[in-house]
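Scroll down for the structure; my scribbles are underneath it.
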Protein chains: 2
Amino acid sequence: MTPLDLDSTLAALAEPTRRRVVDYLRRGPRRAGELADHFRVSAPAMSRHLRVLRKSGLVEERGLDEDARVRVYRLRAEPFHELEVWLEQIASFWQTQLIAFKAHAEKHAAKRARRK
Amino acid sequence: MTPLDLDSTLAALAEPTRRRVVDYLRRGPRRAGELADHFRVSAPAMSRHLRVLRKSGLVEERGLDEDARVRVYRLRAEPFHELEVWLEQIASFWQTQLIAFKAHAEKHAAKRARRK
DNA sequence: GAAATGATTAACCTTATAGTTAATCATTGT
DNA sequence: ACAATGATTAACTATAAGGTTAATCATTTC
């Protein structure tokens, strides 16, 4: 019901640097080193962030034909779509909120009455 | 540009228990103790989760008129909306990619036509 | 007023994670 | 072949976060 994927997606996005990397990648695919430079973080640190993003499927890595040492990262749509679906489910809550609250209040009012 | 709020929202949602609490609160407002019970976690642990959710604005707390000891928690829409806005910005990435691809394809189509 | 109840805060422990530098791997260029 | 480059992994440190039980606070009930 609540896919583990979402947990991994949210965990990946929760880290500020990683979320900013995602924002930055909207401009297009970027090389690993470029990202490390831009965010003033050591290459190893960025590498590990990218691994987290990769494992959660938020980005994918592709080699560069011209230079096989270079790794280019780009966004992947799928996890964002999943997150969007989940968000929409949550949003549906406000439609039924009032009704649910009433039912809940009545249930507990009944309990209290019984206890008395 | 990238509001700090979003960091706090995502950090709050990244924790699996907290995300499940949010899911659960779709059914309607719930008492703190009820949540602790339901998720098989100690009352203090749940209390701290709720504090995180409260600080990020994902939930709000209201006392119960009938019993001032009880605290009822409910979802708040705002942070979810913010998150949705951000997600849409990200989603726009694939549109621009598509446009770029089309432009690229047309450029090559034109080349081919000229060559003909 | 004393006991019980709902919830939070305090104190403590354990684990996960982000950062660093050094080491390694693969590829490129001289 | 060798030095340089781009990136990742290894090893280590520090800090943040979650869980627990015990203590505290406020309110209700007898």
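Each chain gets a letter, A, B and so on, in the order its sequence line appears, and its residues count up from 1. These values consider heavy atoms only, across backbone and side chains, with no hydrogens, waters or symmetry-generated copies.
Listed by first and then second residue, the ring pair (Phe, Tyr, Trp, His ring centres under 6.0 Å) pairs that reach into residues 15-34 of chain B are B:Y24-B:H38, B:Y24-B:F39, sequence neighbours excluded.
Residues passing the ring-ring contact (aromatic ring centres under 6.0 Å, His included) test with A:F80, sequence neighbours excluded: B:W94. The side chain to side chain contact (heavy atoms under 4.5 Å, CB included) check on B:A91 picks up nothing, with sequence neighbours excluded.
Proximity of A:Y73 to the phosphate of D:dT8: a side-chain N or O atom is located under 4.0 Å from OP1 or OP2. The phosphate of D:dA7 (OP1 or OP2) has no side-chain N or O of A:R51 nearer than 4.0 angstrom.
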Open item on the list: I'd like to compare against my own output: the B/S/- annotation of nucleotides 11-20 of chain D with a strict under-4.0 Å heavy-atom distance to protein.
Closed with: -------BBB
Open item on the list: I need a per-nucleotide contact map over nucleotides 25-30 of chain C, read 5' to 3'. Cutoff is protein heavy atoms under 4.0 Å; write B for the base, S for backbone only, - otherwise.
Closed with: -BBS--
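Here the side chain of A:R30 pairs no donor or acceptor atom with the backbone of A:L25 at under 3.5 angstrom. Checking side-chain atoms of A:S47 against main-chain N and O of A:A43 turns up no donor-acceptor pair under 3.5 Å.
Residue A:D37 contributes atom CG, which lies 12 Å from atom C1' of D:dA7 at whole-angstrom precision. Between the CD atom of B:E34 and the C1' atom of C:dA7 there is a distance of 14 Å, given to the nearest Å. Taking atom CG of residue B:L50 and atom C1' of nucleotide C:dG6, one finds them 13 Å apart after rounding to whole Å. When rounded to the nearest whole Å, the span between CD of A:E61 and P of D:dA7 equals 10 Å.
Considering B:V21, B:L13, B:V52 in turn, B:L13 is the only one that fulfils the side-chain contact (heavy atoms from CB on, under 4.5 Å) rule with B:L58.
Connectivity analysis of hydrophobic side chains (ILVMFWY, heavy atoms under 4.5 Å, direct or indirect) links A:V72 to A:L64, A:V70.
A salt bridge links B:R20 and A:D7; the closest N-O separation between the charged side-chain nitrogens and carboxylate oxygens is under 4.0 Å.
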